[in-house]
Amino acid sequence: QVQLVEAGGGLVQAGGSLRLSCAASGRTFGSLVMGWFRQAPGKEREFVARIKWNGVTYHSDSVKGRFTISRDNAKSTAYLQMNSLKSEDTAVYYCAASISWSSAAGDYTYWGQGTQVTVSS
């Protein structure tokens, strides 16, 4: 099994930046698609970005150009660099892992506990 732990959330002013990290345990990390999702109160869980083991990425339209997903396979860690943050980015952010190249939360088998990101206006 793979265990995921997110870190790096917090309170930031609009226009600021945060970097989230996702530390993974388990020997299969390098073979998994890593993804970031977010969920605001009263809203559905939303896909943010995903990355293959070889570095190929895909970002949702809502964050493209502002957020960047990356991974360090040697450290078994995925990252989400968030720049030019907006109030509407406020949500709990979740790291997840999948064997599929997908934007659907249901295709991700492993999930972290979530980290709160709050952007003040």
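- Judged by distance alone, with hydrogens and angles left aside, the side-chain atoms of Thr90 form a donor-acceptor pair with the main-chain N or O of Val119 at under 3.5 Å.
- Distance alone, capped at 3.5 Å, places no donor-acceptor pair between the Gln13 side chain and the Ser120 backbone.
- To the nearest 0.5 Å, atoms CD (Glu46) and CD (Gln39) are separated by 10.0 Å.
- Across Tyr108 and Ala96, no two heavy atoms sit closer than the pair CD2-CB, 3.6 Å.
- Side chains of Ser62 and Glu88: a donor-acceptor N/O pair is absent below 3.5 angstrom, by distance only.
- With rounding to the nearest 0.5 Å, the separation of OG in Ser76 from CE in Met34 is 9.5 Å.
- The nearest pair of heavy atoms linking Gly114 to Glu6 is N-OE1, 2.9 Å.
- Nearest heavy-atom pair across Leu18 and Leu85 is N-CD1, 3.9 Å.
- Transitive grouping of hydrophobic side chains (ILVMFWY, heavy atoms separated by less than 4.5 Å) keeps Val63 and Tyr58 in distinct clusters.
- The hydrophobic cluster containing Val5 does not contain Tyr94, counting ILVMFWY residues as joined when their side-chain heavy atoms lie under 4.5 angstrom apart, directly or transitively.
- Met82 places a side-chain heavy atom less than 4.5 Å from the side chain of Leu20.
- Linking Ile, Leu, Val, Met, Phe, Trp and Tyr whenever their side-chain heavy atoms come within less than 4.5 Å leaves Tyr93 and Leu11 in two separate clusters.
- The shortest side-chain heavy-atom distance between Cys95 and Trp36 falls under the 4.5 Å cut-off.
- Hydrophobic clustering (ILVMFWY, side-chain heavy atoms < 4.5 Å, transitive): Trp101 and Trp53 are in distinct clusters.
- Scanning all heavy atoms of the two residues, the minimum distance from Ala24 to Leu4 falls at CB-CD2, 3.5 Å.
- The shortest heavy-atom contact between Ser17 and Asn83 is OG-OD1, 2.9 Å.
- A 4.5 Å side-chain heavy-atom check between Phe67 and Asp89 finds at least one atom pair inside the cut-off.
- Distance check, rounded to the nearest 0.5 Å: CG of Leu32 to CZ of Arg50 gives 14.5 Å.
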Does the ring-ring contact (aromatic ring centres under 6.0 Å, His included) test come out yes or no for Trp111 and Phe37, once each step is laid out?
CA-CA 10 Å; Trp111 293 84; Phe37 292 78; 5.1 Å; yes
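- Of the possible donor and acceptor atoms, none in the side chain of Thr57 sits under 3.5 Å from a partner among the backbone N and O of Ile69.
- Among Thr68, Val48, Val117, Ile51, the single residue meeting the side-chain contact (heavy atoms from CB on, under 4.5 Å) criterion with Leu80 is Val48.
- In this structure, Gln1 contributes its side chain and Gly26 its backbone to no donor-acceptor pair below 3.5 Å.
- Of the N and O atoms on the side chains of Ser100 and Asp107, not one donor lies less than 3.5 Å from an acceptor on the other residue.
- Looking only at distances, a side-chain donor or acceptor of Thr77 sits under 3.5 Å from a matching main-chain atom of Lys75.
- The shortest heavy-atom contact between Gln116 and Ala91 is NE2-O, 3.4 Å.
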